[in-house]
Novice: 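Before anything else, here's the structure in question.
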Amino acid sequence: MTEQIIIFDTTLRDGEQALQVSLNVEEKLKIALILEEMGIDIIEAGFPISSPGDFQSVEIISKTLKNSKICSLARCVKKDIEIAAEAMHFAKNFRIHIFLGTSPLHIQSKLNKSFSEIIDMATSSIKLAKRYTNDIEFSCEDAGRTPINQLCYIVENVIKAGATTINIPDTVGYTIPNEFGQIIRSLYNKVPNIDKVIVSVHCHNDLGMAVANSITAIQAGARQIEGTINGMGERAGNTALEEIILAIKLKKNSLNLNTNIHYEKIYKTSQIISQICNTIIPENKAIVGANAFSHSSGIHQDGVLKNRKNYEIITPESIGLKNNKLNLTSRSGRAALKYHMKEMGYGEKLYNIDKLYNAFLKLADKTGQVFDYDLEVLAFMDEKEQNTEYFRLEKFNIKSKSNGISSASIKLYCGNKIKTETMETQDGFIDAIYKTFKKITNFSMNFKKIKFIALKKSINTLDAVKITVEYKNRQFYGIGYNKDIITSLIHAMIHILNNIWKSKKVNIILKNLKK
Ligand code: KIV
Ligand code: ZN
């Protein structure tokens, strides 16, 4: 029979404690709700003793959650436990999560206690917490570096005291998979009352082993996995829940395990959390990175077009993404070009693939990535038009004043004419520049994204500004290279405007072709 793995999310506690700027109550509530929507079983909402803000968010979250169980962290300190219980008093069911260092290093150099004092602190804290709830999780902090007999002794005693979940954290990400799996197997072999509790694991990623260690732990019998969305957390982070969840799903036949997760919510959850926490998801991050479902080399693109399974073990749709992506770069082959043209509605009779492919390679060598609208330009415009820059800068004057008002005055060549516009705004100079361009061109664009790229650690080395806008349901990209941020921004905007202009021209050409 398939067994259930409990998914315990600590994004709001272990994840949040690693952020440079703490989240406010509203942001934490938003995260809790999106985690609940994704089907997370237990949400560790915070460490209420740590600050009034944390207390307040745990309280509000405990009032709001309907399906996920709420949990709060506490040290083996009376006040911590009382405050944790108080913060969750609105919830029908809640869990108190108590932790204490158990490794010789933590016991001696962090806590300055004897081993028997540690046992007393742990058991008396559990007994106190039992007054508020039956659901008590006990974490042996730094279990990964705790001698196994010592760990077994503590675990046996905290179970006797009433703990219902025993969490084994590899707090500093020190173990490798066979070592961590062996710890869990030893607990099952040596602790006489281990069958009375759920064994949980909480792995950190210092050696990049968090997910692998968690998998070996569930193979050894652990039934709760702790982690965070996008792997956020102290130092190198925690087990990335999206990775472990998908591994359990994909390996269902060998692991014979299940979760309550609604897989199709994973991508949205990851995106929302990254936006709220202001953390960047690396492009090559497993499952949720921008490149996780995009194929670049010609051989891979051709393989995917023949059968997606050639290079995809998980479908993007299964995590709630619309589709995979075939990046158009100089490594793409004719198959990818034909595919993109077909997706845009252009049969092979409408263009010459050899001519298009040669022009595409030239552009890709120059710009790196080629977009769908570039393909249309290369396929349907003559070379002279392709190289025409309809919009060209004459000059600009941008001001940002201490009274909060910014203004942009831009003089732009539009074909042979010159147009000048000035706009004032209270939303900063980027807004002023953007609105001025909109006024000059009358293009009904929606601003989507801006990225400043400065790779070198020096004050005068801005490398580029990248902008994305949406125009008529299509994304257009512009890039500007200049050390000066305003000049870069203006060049990026003009790049976008020329892309839009060419795309409009292509539409006219295609309409005339049909006549
Ligand atoms: O990493 C750790 O040991 C922890 C405990 C508080 C569970 O985060
Ligand atoms: Zn941790």
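Below, each value reflects all heavy atoms present in this structure, side chains not excepted, and no hydrogens, waters or symmetry copies. These figures come from a predicted structure and were not determined experimentally. All ligand and atom numbering here is 1-based and tracks the order in the structure.
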Novice: Return a table of N or O atom pairs, ligand 1 on one side and protein on the other, at distances under 3.5 Å, rounded to 0.1 Å.
Specialist:
{"residue": "ligand 1", "atom": "1 (O)", "partner": "H202", "partner atom": "NE2", "Å": "3.2"}
{"residue": "ligand 1", "atom": "1 (O)", "partner": "H204", "partner atom": "NE2", "Å": "3.0"}
{"residue": "ligand 1", "atom": "3 (O)", "partner": "T171", "partner atom": "OG1", "Å": "2.7"}
{"residue": "ligand 1", "atom": "8 (O)", "partner": "R13", "partner atom": "NH1", "Å": "3.4"}
{"residue": "ligand 1", "atom": "8 (O)", "partner": "R13", "partner atom": "NH2", "Å": "3.0"}
{"residue": "ligand 1", "atom": "8 (O)", "partner": "D14", "partner atom": "OD2", "Å": "3.0"}
{"residue": "ligand 1", "atom": "8 (O)", "partner": "H202", "partner atom": "NE2", "Å": "3.1"}

Novice: Passes side chain to side chain donor-acceptor pair (under 3.5 Å), N213 versus T175? Steps please.
Specialist: CA-CA 8 Å; N213 283 351; T175 63; 3.1 Å; yes
Novice: Taking the inter-plane angle between the rings of F99 and F47 on a 0 to 90° scale, is it parallel (under 30°), tilted (30 to 60°) or perpendicular (over 60°)?
Specialist: perpendicular
Novice: How about K110: does its NZ atom have over 12 heavy atoms from other parts shown lying under 6.0 Å from it?
Specialist: yes
Novice: Parallel, tilted or perpendicular: which describes the rings of F8 and H97, with under 30° parallel and over 60° perpendicular?
Specialist: perpendicular
Novice: If you check every N/O/S atom of D14, which is the one nearest the Zn ion (ligand 2)?
Specialist: OD2
Novice: Could you walk me through whether D9 and T11 pass side chain to side chain donor-acceptor pair (under 3.5 Å), step by step?
Specialist: CA-CA 6 Å; D9 179 281; T11 303; 2.8 Å; yes
Novice: Test your reading of the model: is there a side-chain donor-acceptor pair from N230 to the backbone of S270, 3.5 Å cut-off?
Specialist: yes
